[in-house]
Structure formats: structure tokens, C-alpha cells
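Input: a single structure, listed below in C-alpha cells.
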Amino acid sequence: MLHTTSTPTPATSATSMPFDAWLGALRQTCGHFDCTPRDRRSFQGSVSTRTNGGIDIANIVTNAEKVTSSRAQRRDEDRYCFLVVQKQGRATLVQNDTAIVLRPGEMALMDSIEACDVIPHGLIEHDSLHLSRREVAQRFGETSIPFMKITADCASSQILQLVVNRMVTEPLASAEQGEEGVSDSLVALLPTIYRHQALSPSFMEQADGTLFNCVQQFIDQHLHEDELGPERLALAFHMSVRQLYRLFEQHGETVCRYVQRRRLARCAEELASPILIKRSITQIAYKWGFTDSAHFSRAFKREFASSPREYRRAYLARAA
């Protein structure tokens, strides 16, 4: 288990650690790795950890040239499998002679005992969920733990992405008992996802659909940020704002309307939660990126045909 608990800082504003301190923290958190910095003087990086739903999550920020580990170095690192969620920037992950490029919003499963390379394309940030390797291996049975990108073309992967995106953005409701159930549920989905993807390799070639899904995942991970909008998204995905607009138009969406609907949905969830009854409507609205109470109320009423106060009252009455 990890012993350091802190809230990760986004890559865009992280307090950078000296390279040697960063590498030591990385090794303490994720096992033995070596690293090649582009230039120690311009190195940027941080490592922080937290626990959510009983799962340890490492937040890693770096602009190193390459992070690597051989199989000999990993042979005793058999506690975890890493479910890597790319949050900022792009990185190439290499394992089992296979390379996967992760863009913001994408995630991949890595076996902790196998040799691996992580090659950042500039400054990156990712969250690494540490799943029990023993439990993952048991689920896959005689099949070796695969190195795979988690695509969104089946129900199991969509459920996994929904839960993981929630976990990397906010604490789950506290549970004094049974927190291991979250890890069990995530691990149970992995073999089904792998079997489905093994039967449909052509999905990886559907670039437009994959990119749109990545942008959606990125939005869900950053809904709480006030500045989330077309310019921020275009910068994150290395495209022009016009290209971003066209991507959403191809799916019958507009960028701003999609972001607003996702924010309203998260607000509605919290308004309907008996656990959050003491949290004010304004606090909930501001948490999810709204900066004007009157604007939030009007938008909420258009979306749900009732005011936030009426919506909360009705749902809490049903729960009672």
C-alpha cells in the first residue's frame, strides 16, 4: 500500500520537483524505473498519491525524454497492474513489443512485471490506478495479462471508463466497509473488454470515433475547471478550434452545449444525493464549473424542466 496521500496538481500548474527527487518518488510509488531527462535544468515533474474507492492512484507529471524499466528490474514488482489514464499531453507506452499512443482521455492496462517504456511527447500528466496483479491474473486465467488500450466500443469498456473517470476527478462516497468491491468490479470487466477488442482490431483504425471519445473523456475529467472550453480543448488535442467544432458537428453536437450538459448532469446527480443534502445548490454549481448562480438556474431549468431547488426537493422526497 502507498503511504503518501495528497491531491494531485494538474500538469499545467504543478510544483516541479528536482529530477533526482522526482525519480526517487516515482520508484517509491510505482517500483523500479530509470529515466532519461531531456535536460535536468529544464526538467518538470511531480509525483503524488491518493486513495479513492480503496484503490491507490499515483498522479505523475513529467517532461522527461523517456521512462523505462527492464524485465529484470520488474521481476519483484508483482503487486500491481497499472491502469493508466492520460490526463494531459500525449505519451507512447511500449510493452511486449507493442506501442500504444495515449491521448488525453484515453487509458491503457499495463502488467507491472513486464519491461516497459513510457515516452512523453512534451509535458504529460497521467493517473495510474494500482490494481492487484494477483486478482487481475486470476481473472484472465491461462491468458497472460494483456497490454491494451481501453477502447469504448463495448458496454464493459464504457462502464469501466465511466467509473474510472469519476475516480480520477473526485472522491467516491466514503465507505467504511466493502471498498475492495470497487477494485473487484473494475478488474472483473477487463477480460470481457480484452476478448471484445481481440475480435475487433479494426476499431483501432477508426480515428475519428476514437478522437471524439477521447475528447469526451477529457471533458468529463476536467468539468470542474472554469476555463474548460473550445480553446482549452483544441490546445490539449493539438488541433485548431475550427477542427474541434467540425469534430463535434460530425456527431450532431456543439462543444459548449456538450460541456454544459455534462456539467448539468453532474450537478443533478449531486442535488439528488441524500449524502450531499448539506451542500448548498450554489456550492454544487460552482464545483462543476458554473460561475453565475442565475445562469446556472436558467440552464438547469431548460435541461430538466424544474429549478434546481424543485429538482432536489422531488428527488430527496422519493429517497425518504
Side-chain angles (χ1 to χ4, degrees), residues 10 12 85 87-88 104-106 152-153 155 157-173 208-237 239-320:
T12 51
V85 182
K87 300 186 76 176
Q88 303 272 5
E106 292 186 318
D153 60 335
S157 60
Q158 291 169 7
I159 292 169
L160 180 79
Q161 289 183 335
L162 180 66
V163 175
V164 170
N165 279 332
R166 184 68 58 91
M167 292 180 67
V168 300
T169 56
E170 62 177 311
L172 298 178
D208 288 343
T210 303
L211 178 58
F212 184 63
N213 178 255
C214 290
V215 178
Q216 288 178 306
Q217 299 293 338
F218 184 89
I219 288 170
D220 275 353
Q221 293 170 6
H222 296 268
L223 282 173
H224 57 284
E225 297 178 6
D226 293 345
E227 68 275 14
L228 182 65
E231 291 77 13
R232 168 88 164 87
L233 293 168
L235 180 63
F237 286 88
M239 64 173 70
S240 69
V241 172
R242 182 59 198 144
Q243 287 173 317
L244 180 72
Y245 286 153
R246 284 201 300 267
L247 178 66
F248 273 74
E249 288 167 3
Q250 291 167 8
H251 293 82
E253 290 278 10
T254 67
V255 180
C256 295
R257 178 60 182 149
Y258 180 83
V259 171
Q260 184 182 81
R261 281 211 323 275
R262 294 301 301 144
R263 283 175 165 162
L264 290 170
R266 298 305 292 273
C267 290
E269 289 178 19
E270 296 202 357
L271 289 171
S273 172
I275 298 174
L276 301 177
I277 192 170
K278 292 185 178 180
R279 186 172 296 174
S280 73
I281 293 173
T282 300
Q283 286 176 320
I284 291 172
Y286 276 54
K287 173 184 175 181
W288 292 112
F290 290 96
T291 57
D292 183 283
S293 296
H295 169 69
F296 165 69
S297 294
R298 289 193 298 270
F300 192 95
K301 191 164 187 176
R302 282 196 302 268
E303 186 73 14
F304 296 102
S306 65
S307 70
R309 191 176 304 279
E310 292 167 345
Y311 186 92
R312 171 178 254 182
R313 186 184 302 117
Y315 269 85
L316 293 182
R318 292 178 199 172

Fill in: Of all pairs that satisfy salt bridge (Lys or Arg N to Asp or Glu O under 4.0 Å), the ones with a partner from residues 240-265, not counting sequence neighbours
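For residues 240-265: Asp220-Arg262, Arg242-Glu249, Glu253-Arg261, Arg257-Glu303.
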
On a heavy-atom basis, which atom in [X] and which in [Y] lie closest, and how many Å separate them?
| X | Y | value |
| --- | --- | --- |
| Tyr311 | Ala272 | CE2-CB, 4.3 Å |
| Pro308 | Ile281 | CB-CG2, 3.8 Å |
| Ala234 | Leu244 | N-CD2, 4.1 Å |
| Pro230 | Val255 | CG-CG1, 4.1 Å |
| Ala236 | Pro104 | O-CG, 3.7 Å |
| Tyr258 | Ile219 | CD2-CD1, 3.7 Å |

Discussion item. Looking at Arg166 and Glu170, is any side-chain nitrogen of the basic one under 4.0 Å from a carboxylate oxygen of the acidic one?
Written reply: yes

Worksheet item: Any side-chain heavy-atom pair from Phe212 and Gln250 closer than 4.5 angstrom?
Response: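 Counting from C-beta outward, Phe212 and Gln250 never come under 4.5 Å.
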
Discussion item. I want to check something: taking the side chain as every heavy atom from C-beta on, are Gln283 and Glu270 in contact at a cut-off of under 4.5 Å?
Written reply: no

Discussion item. Ring-plane angle category for Phe237 and Phe218, please: parallel below 30°, perpendicular beyond 60°, tilted otherwise.
Written reply: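 Perpendicular: the ring planes of Phe237 and Phe218 meet at over 60°.
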
Output the distance between atom [atom1] ([X]) and atom [atom2] ([Y]), rounded to the nearest 0.5 Å.
| X | Y | atom1 | atom2 | result |
| --- | --- | --- | --- | --- |
| Tyr245 | Ser240 | OH | OG | 10.0 Å |
| Gln161 | Glu106 | CD | CD | 9.0 Å |
| Leu223 | Thr169 | CG | OG1 | 8.0 Å |
| Leu264 | Phe296 | CG | CZ | 6.5 Å |
| Phe300 | Arg312 | CZ | CZ | 10.0 Å |
| Asp292 | Arg298 | CG | CZ | 6.5 Å |

Worksheet item: Taking it one step at a time, do Gln221 and Val85 satisfy side-chain contact (heavy atoms from CB on, under 4.5 Å)?
Response: CA-CA 10 Å; Gln221 293 170 6; Val85 182; 3.3 Å; yes

